[in-house]
Amino acid sequence: MKLTQGSFLWYLYMDKIYCLLSLRNVKALMEYFHLLDVHHRNTLNDVLFFHFLRHVTNLRSSQIKMIFDLLDWTAVGEIGFDQFYVLVCILLAHQNHLEDHFMYRHSRPVFDLLDLDGELNIGVTNFQNYRFLFNIKKQELRDLFHDFDITGDRVSGIQESWAEGHVLHQWWGRCGS
């Protein structure tokens with residue numbers, strides 16, 4: 001996944017320590033969000049979202065639809081600025097090769113995002129489907145689940161310990177970032 005050179009997001013600066021945008025950049029991003037919101041509902045529907053991501057990234061249509069479904073937490077067919085901000089931070093982390101650091105710094109929101117059913121666990125399938133967001137290689141994913149799957153059910157090793165950041169702290173430390 002790459003950002004389109006020259007797009008608005010290309011010029012936003014992400015703090016490399018905290019993996020967040022400055023207040024000035026958040027304000028600019030909010031103005032951009034309002035420009036995209038042609039219906040003036042403080043949300044982006046799936047069509048607006050699709051065309052936005054199609055313009056600023058090289059993601060495939062199926063990946064864009066998956067991301068929208070992931071961010072549409074309330075299943076109303078729209079996302080608000082909060083979800084938009086999370087997505088932009090993920091995109092900028094990816095662009096700046098800070099995916100591991102972003103997951104380390106924001107382990108709880110990442111866990112909540114990938115915990116699709118709200119049962120405080122992330123299965124291999126969930127992670128496999130969305131690994132392109134965080135540039136996780138297949139072998140890294142296998143190693144992660146092998147190391148933390150205590151019961152062998154391919155799920156339960158990554159539960160509350162992930163939510164508290166323990167898994168990500170250990171994994172991130174192994175990646176050498």
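Please read all numbers here as calculations on a predicted model, not as lab measurements.
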Residues 52-67 vs salt bridge (Lys or Arg N to Asp or Glu O under 4.0 Å), sequence neighbours excluded, gives none

Counting C-beta onward and ignoring hydrogens, is there a side-chain heavy-atom pair between V88 and F84 closer than 4.5 Å?
yes

dist Q95:CD -> L9:CG (nearest 0.5 Å) comes out at 9.5 Å

| Linking I/L/V/M/F/W/Y whenever any side-chain heavy atoms sit under 4.5 Å apart, do L87 and V47 land together? | no

request  = Please report the C-alpha distance between L70 and N129 in whole Å, then the side-chain angles of each, then the deciding distance to 0.1 Å, and finally whether the side-chain contact (heavy atoms from CB on, under 4.5 Å) criterion is met.
outcome  = CA-CA 11 Å; L70 182 69; N129 289 340; over 6 Å; no

To the nearest 0.5 Å, atom CG of D15 lies from atom OG of S22 at 9.0 Å

All heavy atoms of M1 vs all of F132, minimum pair found to be CE-O, 3.9 Å

task: Classify the angle between the aromatic ring planes of F8 and Y32 as parallel (below 30°), tilted (30 to 60°) or perpendicular (above 60°).
output: parallel

Fill in: Common cluster, F50/L35, ILVMFWY with side-chain heavy-atom separation under 4.5 Å
no

One should read off an interatomic distance between Q5 CD and L3 CG, to the nearest 0.5 angstrom, of 10.5 Å

Residues F102 and A93: closest non-hydrogen pair is CB-CB, 3.7 Å

Note: L20 and H106 closest approach over all heavy atoms is CD2-CE1, 3.5 Å

(Q) Quick check on H97: does its NE2 atom have over 12 non-hydrogen neighbours (other residues, nucleotides or ligands) under 6.0 Å away? (A) no

All heavy atoms of D72 vs all of G77, minimum pair found to be OD2-N, 2.8 Å

Nearest heavy-atom approach of L59 to I64 is CB-CG1, 3.8 Å

D37 and N42 have their tightest heavy-atom pair at OD2-N, 2.6 Å

Separation between CD (E99) and CG (L91), nearest 0.5 Å, reads 11.0 Å

The reported gap from CZ in F68 to CD1 in I79 (rounded to nearest 0.5 angstrom) is 6.5 Å

Separation between CG (L133) and CD1 (I67), nearest 0.5 Å, reads 4.5 Å

Check: Does L29 reach the side chain of F81, with side-chain heavy atoms less than 4.5 Å apart?
Finding: yes

Requested in this report: Find out whether L48 and H39 are in side-chain contact, i.e. whether some heavy atom of one side chain is under 4.5 Å from a heavy atom of the other.
Outcome: yes

* Got I90 and V86 here, is their nearest side-chain heavy-atom distance under 4.5 Å? -> yes

If you group Ile, Leu, Val, Met, Phe, Trp and Tyr by side-chain heavy-atom gaps below 4.5 Å, do F52 and Y11 land in one group? yes

The side chain to side chain contact (heavy atoms under 4.5 Å, CB included) partner of F49 among L36, L71, T43 is L71

Inset, instruction - Please answer: with hydrophobic residues joined when any side-chain heavy atoms are less than 4.5 Å apart, are M103 and I17 in the same cluster? - result: yes

With sequence neighbours left out, the residues meeting salt bridge (charged side-chain N to carboxylate O under 4.0 Å, His left out) with E78 are R41

Requested in this report: Could you walk me through whether W73 and L113 pass side-chain contact (heavy atoms from CB on, under 4.5 Å), step by step?
Outcome: CA-CA 9 Å; W73 299 323; L113 193 63; 3.5 Å; yes

Contact between Y13 and L92 at the side-chain level, heavy atoms closer than 4.5 Å - yes or no? no

Margin query: Taking atom CG as the centre, does L23 end up with more than 12 heavy-atom neighbours from other residues, nucleotides or ligands that are less than 6.0 angstrom away?
Written below: no

